[in-house]
Number of protein chains: 2
Amino acid sequence: MIDKSSPLPIYYQIEEQIKEQIMSGILEPGDMLRSEREYAEYYQVSRMTVRQAINNLVSLGLIYKKKGSGTFVQEKKIEQALHGLTSFTEDMRSRGLTPSSRLIDFSIIPATQVVAKELMIEEHTPVYEIKRIRLGDDIPIAFETNIIPANLVLGLTEEIVANSIYNYVENKLKLHIGSATQVIESATATKAEAELLDIPKQSPILLIERKTFLANGTPLELVKSSYRGDRYKFMININRKS
Amino acid sequence: MIDKSSPLPIYYQIEEQIKEQIMSGILEPGDMLRSEREYAEYYQVSRMTVRQAINNLVSLGLIYKKKGSGTFVQEKKIEQALHGLTSFTEDMRSRGLTPSSRLIDFSIIPATQVVAKELMIEEHTPVYEIKRIRLGDDIPIAFETNIIPANLVLGLTEEIVANSIYNYVENKLKLHIGSATQVIESATATKAEAELLDIPKQSPILLIERKTFLANGTPLELVKSSYRGDRYKFMININRKS
DNA sequence: GAGTGGTCTAGACCACCCC
DNA sequence: GGGTGGTCTAGACCACTCC
């Protein structure tokens with residue numbers, strides 16, 4: 001059932017097995033899982049190891065515990081996907097659309113005072129400024145401007161930018177993205193936005209300003225996006241307390 | 001330093017002490033915490049107990065760990081507040097505004113087919129329908145409609161509704177709110193919305209649809225809100241992976 | 001090599017829930 | 001009372017980082 005000599009941690013293997021049972025429907029919403037002691041006996045591991053697996057699934061929102069009663073499969077199956085911080089690329093894919101980009105501008109400029117303060121760098125430090133129209137199934141969805149300190153992402157090219165920056169940062173540069181703060185507001189399209197997004201002037205648009213941080217708290221980028229109101233709704237799943 | 005005979009768990013006491021040291025500035029952003037073994041020795045507890053305290057602080061975003069190196073205080077201090085699922089009341093308070101409500105409608109009606117499906121109840125089951133104008137410092141911020149299965153919140157009164165429903169649900173009914181899915185979009189004010197919110201027709205508004213679930217996965221309520229675009233920005237803090 | 005966090009064990013006692 | 005999850009112990013070996 002589990003491989004104790006595997007490089008994968010035991011708790012992770014147990015976690016995946018229980019997750020698989022929930023996904024496949026062997027365990028249905030509302031069902032009680034076996035007790036921690038039963039799993040420990042079954043897998044021939046200590047109860048603390050089972051607890052680590054189960055606690056991870058609780059924080060993923062797949063199961064929940066009731067003191068003195070047991071552990072149960074969560075009811076909701078819907079919208080399980082839209083947890084956490086996602087890139088435009090991931091966002092489009094989860095909606096079943098094919099993401100692409102049209103590069104408008106790609107340059108290195110000195111940071112303005114405002115940008116420097118936000119990114120916690122010195123004024124005039126070089127930053128990448130990337131302006132892109134972002135498309136889903138070849139239809140314009142958003143106009144996006146990214147500002148990233150140049151020294152954090154050395155070797156950024158137009159080709160990378162045409163795809164996913166997050167993918168490059170995480171998989172090639174091996175930087176660990178931690179969190180982001182987002183501010184979302186409603187506005188009407190300016191003339192420039194209307195032309196770039198191919199919509200009538202004064203149409204509703206969703207303005208999203210994001211500041212992304214690496215896991216160690218270093219600001220990675222500022223993003224300003226203007227999403228077409230008729231083509232895009234922002235969806236998010238949040239938990240009480242955190 | 002800690003009280004082992006206290007009803008409060010030891011890990012919680014340690015957690016609070018470290019949190020206090022961060023808040024008070026004894027531990028500054030970027031500082032390395034003492035190692036888990038040192039804390040265990042210092043508090044005369046097992047290392048696993050220390051780990052539980054530290055892991056909780058990591059998931060709160062106050063500190064982060066680096067394999068083989070140590071545990072460090074997070075850099076960001078800003079926007080620490082706007083984590084997690086908040087009620088309108090909590091939201092306004094965190095912005096330094098005094099929340100209040102103007103009740104427009106408070107009635108019990110049979111659930112429509114759409115509502116019944118969303119709330120996973122039978123069609124025609126009684127539900128509360130609550131329409132309120134929500135104000136911050138006596139200025140209209142949003143127009144909100146809540147729909148809640150009547151059997152979940154027996155004893156709901158106009159007085160409760162004039163304050164905070166979440167507060168009543170959690171503290172009086174002792175129900176545990178778990179999570180919510182939210183859909184946010186941009187629109188322009190209809191004539192009705194414009195009048196209720198005291199803004200010009202066609203002004204930008206932020207539409208927020210929320211479905212809230214209890215911890216055991218039972219749908220608690222549907223909320224549709226129309227926020228004034230000029231007075232309200234939606235802010236959120238999200239983590240990568242979750 | 002010394003120190004760090006990551007994982008794991010084999011027990012233990014407690015409070016809580018349900019019968 | 002019997003079962004459940006919550007907390008806790010006193011060890012252990014590992015992979016990783018930094019010097």
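Every chain is numbered from 1 and lettered A, B, ... according to where its sequence line falls, protein lines coming before strand lines.
Each of A:V45 and A:S69 lies near DNA chain C, and the nucleotide nearest A:V45 is the one positioned closer to the 5' end. Nearest-nucleotide mapping onto DNA chain C: of A:Y12 and A:G68, the residue sitting toward the 5' end is A:Y12.
One can place NZ of A:K66 at 12 Å from C1' of D:dT4, the figure rounded to the nearest angstrom. Here the P atom of nucleotide D:dG5 and the NZ atom of A:K67 are 13 Å apart, to the nearest Å. For the pair A:Y64 OH and D:dG5 P, the interatomic distance rounds to 13 Å; values are reported in whole Å. Distance, B:K65 NZ to D:dC16 P: 17 Å, rounded to whole Å.
Taking every nucleotide of DNA chain C with any atom under 4.0 Å from a non-hydrogen atom of chain B, the first and last of them, 5' to 3', are C:dG3 to C:dC8.
Of the possible polar contacts, none joining the B:E129 side chain to the B:I109 backbone as a donor-acceptor pair under 3.5 Å is found. For the pair B:K4 (side chain) and B:Q44 (backbone), a donor-acceptor distance under 3.5 Å is present.
Of the residues in residues 31-40 of chain B, those lying under 4.0 Å from DNA chain C by heavy-atom distance are B:S35, B:E36, B:R37, B:E38.
Rounding to the nearest 0.5 Å places CG of A:L222 at 12.0 Å from CZ of A:R210. For the atom pair CD1 (A:I10) and CG (A:D3), the distance works out to 9.0 Å, reported to the nearest 0.5 Å. Separation of atoms CD1 (B:I121) and CG (B:L152) is listed at 8.5 Å; rounding is to 0.5 Å.
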Inset, instruction - Start with the C-alpha distance between A:Y43 and A:T49, add both sets of side-chain angles, then the distance that settles side chain to side chain donor-acceptor pair (under 3.5 Å), and finish with yes or no. - result: CA-CA 10 Å; A:Y43 287 118; A:T49 303; over 6 Å; no
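Contact check on B:K19 versus B:E16 returns a salt bridge, with a Lys/Arg side-chain nitrogen under 4.0 Å from an Asp/Glu carboxylate oxygen. Between A:E118 and A:K211, at least one side-chain N (NZ, or NE/NH1/NH2) sits under 4.0 Å from a carboxylate O, which counts as a salt bridge. Taking the charged nitrogens against the carboxylate oxygens, B:K65 and B:E36 do have a contact shorter than 4.0 Å, which makes a salt bridge.
Across all strands, B:I54 comes closer than 4.0 Å to no nucleic acid atom at all (heavy-atom distances).
Of the side-chain N and O atoms in A:T71, one or more sit less than 4.0 angstrom from OP1 or OP2 of D:dG5.
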